[in-house]
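Contents: one structure, followed by commentary.
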2 protein chains.
Amino acid sequence: MSLRHGILGLLAEGPASGYDLSRRFNDLLTHVWPAQHPNIYSELTRLNKEGLVEVQALGPRGRKDYAITDAGLAEIRSWLLNVPTDHQWRSEPVLRSFFFWVLEPDDLEKYLASEFHYYDETAKRYRSYVGKAERNEYGTHPRAKSLRTAIEAAARYHEAMAGWYSWAAQQAAD
Amino acid sequence: MSLRHGILGLLAEGPASGYDLSRRFNDLLTHVWPAQHPNIYSELTRLNKEGLVEVQALGPRGRKDYAITDAGLAEIRSWLLNVPTDHQWRSEPVLRSFFFWVLEPDDLEKYLASEFHYYDETAKRYRSYVGKAERNEYGTHPRAKSLRTAIEAAARYHEAMAGWYSWAAQQAAD
DNA sequence: ACGGGCATGTAAGCGGTTACATGATTCG
DNA sequence: CGAATCATGTAACCGCTTACATGCCCGT
C-alpha cells in the first residue's frame, strides 16, 4: 500500500486537490503507480484524520486544496529510509514467455515482433522526455531532478524489454 | 487475472497437483507472478468446472493430479495470441524515485547504494541460472527453451535496474 | 443557455493475501 | 512414536477498479 506515500510525495511538492492528484497519477505516474480517483479521495480523508495532510483552502465547486503537514513530511522521509523497498516485479509479458513453447513458430515470431514494437516505441517516448528534462523543460526545482531520475528508469526499463524481445526473436528463429 | 493462464501453462507441461503448482509458482515464478495456495486451489476448481482441466489421478493424502484438456490448451494459445498483453509496470522503487528530492544527500546516497546492491546481486543470480540453462540443466524439452527466455528477461530487468541505480548515484553525487 | 470539464464522493465487486483449520503420510 | 512435510481447503480482510451519482462553474 504505497498510494498514501505517493500522495504525500506529490503533496510535498506543493498543495493540490484530490482532482489534481488524480490527474498527476494518471499522467506521469500512470506507468509506475496507477490510481483511480475514488481511492485517492478516501486516502486523503484518512490522511487528514491522521494529521499527515490538512485542508489548506477551499475553492470553487467544492474544491479542497490539501497541504502536507510536518508530520506528513516526516512520514514520507521515514518511509523512504526505514521501510524496506518492495522489489516485487509482477510482469505479465514475462509470465507469458514461460509458455511460448506451446505456440507455433510463426505465431510466436509475430507476437515477439509486435511486443518489440511496443517497447521500442515507448522507450523512444521516454527518451524524448529525457531530452525535455535535460533542457529544463520541467523546471529547476529540486523535484525536477528526481523526475529526471524517474524518467531515466522508465526509459531503461522499456529499452531493456525491447532488447529482450529482439533477442528472443533471434533465438526463436534458430 | 492471469493466474488461470499461469496454471494452464504449467499444466501444459504435464499433470500436477495444486500443491505442485503452488511450489512452482513460489519457486521460479515468484518474481514475475506470485500466487498463494488458496487462490490456486479455488482456481483449479473453477477450471475443472469449465472443462479446461480434469482430475487425472488421485494420490495419497487426498492429492489430486490435474491434467490440462484440449479445451484448456486451446484457451492458453488463444490467450497468448488474442488477448492483448498487459504492459502495466507497477514499480515501487521507481515511485520512490519521484520523491528522492525530499531526502538529505547523505541518506539518499546510502539508499541508492543499498538498492544497487540488491539488484546487482539478484542480476548475478539470474545470470547463473542462464548458465545452468545453457548447460541444459533444465532439460531439453521445448519448455526449457521458454524457461531460458524467461530467465533472460529477469536477468536483463535486474541488470537494467542495477544500472539505473548506479547511474542515479553518480547523478546524486554532483 | 447549454455543453464540457471540474470536482467530489458512494457502492459493489474482484483479485489477491493472510490467518485459520484439518488430516494423511513419510521418515528418522 | 513423534516431527516434518505433504496436501487441501475455508473465512476474513484489504487494496484497487468499475460503475454509479451528483452538482458546480466556465467558456462559447
Side-chain angles (χ1 to χ4, degrees), chain A residues 1-8 10-11 15-27 29-50 53-66 79 83-84 86-92 95, chain B residues 1-8 10-11 15-27 29-50 53-66 79 83-84 86-92 95:
Chain A
M1 212 266 285
S2 306
L3 176 63
R4 65 188 294 109
H5 297 109
I7 290 173
L8 286 174
L10 289 182
L11 286 181
S17 69
Y19 190 81
D20 294 338
L21 292 171
S22 171
R23 275 207 328 242
R24 299 208 64 194
F25 266 101
N26 293 295
D27 182 33
L29 287 174
T30 198
H31 278 95
V32 299
W33 211 266
Q36 275 62 41
H37 75 266
N39 218 339
I40 291 169
Y41 286 119
S42 56
E43 191 63 48
L44 278 170
T45 313
R46 223 172 301 145
L47 287 167
N48 192 18
K49 271 182 200 143
E50 295 174 33
V53 304
E54 58 189 10
V55 179
Q56 195 220 26
L58 297 170
R61 281 170 284 212
R63 179 188 168 97
K64 290 182 214 163
D65 275 275
Y66 288 91
W79 173 63
V83 179
D86 180 5
H87 296 118
Q88 179 69 253
W89 175 49
R90 205 189 219 94
S91 170
E92 206 204 84
L95 175 67
Chain B
M1 214 265 285
S2 306
L3 176 62
R4 66 188 294 109
H5 297 109
I7 289 173
L8 286 173
L10 289 180
L11 286 181
S17 68
Y19 189 82
D20 293 339
L21 293 171
S22 170
R23 275 206 328 240
R24 298 207 65 194
F25 266 102
N26 293 295
D27 184 30
L29 287 174
T30 198
H31 278 94
V32 299
W33 211 265
Q36 275 62 42
H37 75 265
N39 218 341
I40 291 169
Y41 286 119
S42 57
E43 191 64 47
L44 277 170
T45 313
R46 223 172 299 146
L47 287 167
N48 192 19
K49 271 183 199 142
E50 295 172 34
V53 304
E54 59 189 9
V55 178
Q56 195 218 26
L58 298 171
R61 281 169 284 214
R63 178 186 169 99
K64 290 182 214 163
D65 275 274
Y66 287 92
W79 172 63
V83 179
D86 179 6
H87 296 118
Q88 180 69 252
W89 174 48
R90 203 188 220 97
S91 170
E92 206 204 84
L95 176 67

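Numbers restart at 1 for each chain; the letters A, B, ... are given by sequence-line order, proteins then strands. Just so it is clear, the structure is predicted and the values come from calculations on it, not from any experiment.
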Inset, instruction - Answer yes or no: is there a side-chain heavy-atom contact under 4.5 Å between A:L47 and A:L11? - result: no

Inset, instruction - Under the ring-ring contact (aromatic ring centres under 6.0 Å, His included) rule, collect the residues that match up with B:Y41, sequence neighbours excluded. - result: B:H37

Inset, instruction - Please state whether the phosphate of D:dT8, meaning OP1 or OP2, lies under 4.0 angstrom from any side-chain nitrogen or oxygen of B:Y19. - result: no

Legend entry - Nearest-Å distance for atom pair CZ/P, residues B:R23 and D:dT8: 11 Å

Inset, instruction - Using atom CD of A:E43 as one end and atom C1' of D:dG15 as the other, report the distance to the nearest whole Å. - result: 10 Å

Legend entry - Residues forming a salt bridge (charged side-chain N to carboxylate O under 4.0 Å, His left out) with A:R24, sequence neighbours excluded: A:E13

Inset, instruction - Provide, to the nearest angstrom, the distance between the NZ atom belonging to B:K64 and the P atom belonging to D:dC6. - result: 19 Å

Legend entry - With sequence neighbours excluded, residues passing side chain to side chain contact (heavy atoms under 4.5 Å, CB included) with A:N39: A:L3, A:S42

Inset, instruction - Could you tell me whether A:S17 contacts a base, only the sugar-phosphate backbone, or nothing, with contacts defined as non-hydrogen atoms closer than 4.0 Å? - result: sugar-phosphate

Inset, instruction - Take the protein atom CG of A:L58 and the nucleotide atom P of D:dC25, then report the distance between them rounded to whole Å. - result: 13 Å

Inset, instruction - Grab the CG-P distance between A:L44 and D:dG15 for me, whole Å please. - result: 16 Å

Inset, instruction - With DNA chain C as reference, determine whether B:P60 or A:R61 sits nearer its 5' end, using the nearest nucleotide of each. - result: A:R61

Inset, instruction - Considering only heavy atoms of chain B and a distance under 4.0 Å, specify the first and last nucleotide of DNA chain C in 5' to 3' order that meet this criterion. - result: C:dG15 to C:dT26

Inset, instruction - May I have the distance from B:D65 (atom CG) to D:dA7 (atom C1'), rounded to whole angstrom? - result: 11 Å

List, one per line, each side-chain donor-acceptor pair under 3.5 Å for residues 54-61 of chain B, sequence neighbours excluded.
none

Inset, instruction - Can you tell me the distance, in whole Å, between the CG atom of A:L3 and the P atom of D:dG15? - result: 10 Å

Inset, instruction - Not counting sequence neighbours, which residues clear ring-ring contact (aromatic ring centres under 6.0 Å, His included) with B:W79? List them please. - result: B:H5

Inset, instruction - Assign B:R90 to base, sugar-phosphate, or nothing according to its heavy-atom contacts below 4.0 angstrom with the strands shown. - result: sugar-phosphate

Inset, instruction - Check whether any side-chain heavy atom of B:R63 lies under 4.5 Å from a side-chain heavy atom of B:S17, and answer yes or no. - result: yes

Legend entry - A:Q36 vs B:G62, nearer the 5' end of DNA chain D by closest nucleotide: B:G62

Legend entry - A:N26 CG - D:dT17 C1' separation (whole Å): 12 Å

